[in-house]
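From a predicted model like this one, the values you see are computed outputs, not experimental measurements.
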Amino acid sequence: MYKLTLAVASLATLIISCSGKTPKKDVVPQPVATTAPQIKFNADSAYSYIKHQVDFGPRVPGCEGHKKCAEYILTELSRHGVDTLITQNAIVSAFNGDQLPITNIMGSINPTAKDRVLIAAHYDTRPWADAESNEKDRNTPILGANDGASGVGVILELARNLCANRPEIGVDFLLVDAEDYGDSSGWGNNDETWCLGTQYWTNHLPYTAGTMPRYGIVLDMVGGTNARFHREFYSNKTAPKIVDKVWGAAVKAGFSDFFPNKTAGALIDDHVFIDRAGIPCIDIVESNNAITHTFPPTWHTLRDDMASIDTAPLRAVGQTVLNVIISEKKSE
């Protein structure tokens with residue numbers, strides 16, 4: 001996964017203070033008003049989608065597990081009934097010179113609708129368990145149950161729900177590749193080595209100026225045990241109204257414990273590059289873990305397996321995002 005460029009909220013505040021600007025207090029989000037009947041998000045189904053991915057083993061670009069996972073995602077989106085499927089194949093260069101065959105996948109509901117939202121996650125996994133305490137394990141690929149499969153699992157369950165209960169607007173599900181092949185050495189100089197699939201996608205956007213989504217939501221590490229999802233710093237800075245919308249929906253749905261109304265560190269993740277491409281985008285991600293104060297304890301380790309996955313945060317994230325989508329109305 002990406003780097004945590006500012007480890008915790010206090011550092012984020014320090015950066016703002018050093019710039020000469022007065023830090024703003026978090027705005028208490030207002031609940032999203034929705035007249036649509038609530039559709040129930042099935043966290044057990046999302047868990048099953050995660051397990052299917054993990055059963056393929058590590059999903060590093062170019063390996064057999066990666067190929068099978070891409071095929072599985074395409075099959076599930078098609079089975080659920082998305083209207084269009086687009087695959088984007090390319091070769092991208094990693095920071096170490098590796099040439100990576102990538103496949104970005106996009107499934108759309110109501111593809112001709114002018115009003116759209118984008119929901120994204122990465123499905124590849126880290127080639128190295130470089131956060132392992134034992135040095136001999138650090139070159140082993142990880143399973144990425146949380147960092148990789150969890151966001152995809154939520155998206156597949158969202159697709160199942162929304163194909164059966166059509167929203168007023170269009171929805172694009174984007175499953176991106178080669179997010180987790182970045183250079184973790186040093187700080188501040190390696191941002192462009194991460195999120196290679198998303199960078200390729202933003203350089204070949206499937207939208208015109210008139211069809212760009214209203215906003216995007218990236219889902220990453222959304223299934224960890226005891227996970228809590230703070231307001232990510234960059235999301236709060238570039239798309240605060242979207243953060244308010246999502247955190248407000250969480251409050252209304254009874255998930256305020258999972259969505260603390262406090263700012264956490266700044267991440268280099270897919271949302272940064274999507275936002276730079278002109279689509280306001282936020283990240284729902286665990287970045288202020290109660291134990292580590294950064295990422296979950298299993299991050300980039302061999303312990304990122306199914307034992308690290310909990311249906312409670314999957315339900316909180318999935319139901320919140322589902323409620324946000326079904327509350328959106330077509331513009332006049």
Please report the C-alpha distance between I50 and L314 in whole Å, then the side-chain angles of each, then the deciding distance to 0.1 Å, and finally whether the side-chain contact (heavy atoms from CB on, under 4.5 Å) criterion is met. CA-CA 11 Å; I50 295 169; L314 293 174; 3.8 Å; yes

Side-chain heavy atoms nearer than 4.5 Å, only ILVMFWY residues, links allowed to pass through others: does that put I282 and F229 together? yes

Point to revise | Short side-chain to backbone donor-acceptor contact, N110 and P167, under 3.5 Å | key: yes

Would you check if there is a donor-acceptor pair between the side chains of S308 and N146 at a distance under 3.5 Å? no

SB check R160 E157 (cutoff 4.0 Å)
yes

ask   = Does the pair D83/R166 count as a salt bridge with the N-to-O cut at 4.0 Å?
value = yes

Residues at least two apart in sequence or cross-chain that pass side-chain hydrogen bond (donor to acceptor under 3.5 Å, both in side chains) with R79, listed by chain then number, are E76

Any salt bridge linking R276 with E192? Criterion: basic side-chain nitrogen under 4.0 Å from a carboxylate oxygen. yes

Sub-3.5 Å donor-acceptor pair from the side chain of D269 to the main-chain atoms of H271, do we have one? no

*Is the backbone of S108 close enough, under 3.5 Å, to the side chain of D172 for a donor and an acceptor to pair up by distance?*
no

message = Please check this pair: side chain of R59 against backbone of G57, looking for a donor-acceptor N/O pair closer than 3.5 Å.
response = yes

Only residue of I119, L77, D124 satisfying side-chain contact (heavy atoms from CB on, under 4.5 Å) with L175 is L77

Test your reading of the model: is there a side-chain donor-acceptor pair from D270 to the backbone of C195, 3.5 Å cut-off? no

Q) Does any N or O in the side chain of T211 come within less than 3.5 Å of the main-chain N or O of Y207, such that one atom is a donor and the other an acceptor? A) no

Exercise. Could you tell me if the ring centre of H66 sits under 6.0 Å from that of F56?
Key: no

When T140, L143, I142 are each screened for side-chain contact (heavy atoms from CB on, under 4.5 Å) with P58, the one that passes is L143

**Prompt:** Under 4.0 Å between a Lys/Arg side-chain N and an Asp/Glu carboxylate O for K329 and E168?
**Reply:** yes

_Q199 vs N203, test: side chain to side chain donor-acceptor pair (under 3.5 Å). Steps then yes/no._
CA-CA 6 Å; Q199 291 188 63; N203 288 329; 5.9 Å; no

**Item:** Heavy atoms from other residues, nucleotides or ligands near CD of Q99 exceed 12 (cutoff 6.0 Å)
**Value:** yes

Main-chain N/O of S185 paired with N190 side-chain donor or acceptor, under 3.5 Å
yes

Output for pair (S48 OG, Q53 CD), nearest 0.5 Å, gives 10.0 Å

Here the ring pair (Phe, Tyr, Trp, His ring centres under 6.0 Å) pairs for residues 75-104, sequence neighbours left out, are Y49-H80

> Cation over ring, R228 on F259, under 6.0 Å and within 45°?
Replying inline: no

Scanning both residues in full, the closest heavy-atom pair of D115 with S331 reads OD2-N, 2.8 Å

**Prompt:** Will you find, in the side chains of Y200 and N104, an N or O donor that is under 3.5 Å from an N or O acceptor?
**Reply:** no

Review point. Hey, is the main chain of G224 close enough, under 3.5 Å, to the side chain of E286 for a donor-acceptor pair?
Key: no

CG of D310 to CZ of R315, rounded to nearest 0.5 Å, is 9.0 Å

Under 3.5 Å donor-acceptor, T193 side chain and D183 backbone = yes

Q) Are the side chain of D304 and the backbone of A145 linked by a donor-acceptor contact shorter than 3.5 Å? A) yes

**Step-by-step side-chain contact (heavy atoms from CB on, under 4.5 Å) determination, N165 to I326** = CA-CA 9 Å; N165 304 274; I326 63 177; over 6 Å; no

side-chain contact (heavy atoms from CB on, under 4.5 Å) with F41: of V317, V321, V154, only one passes, and it is V154

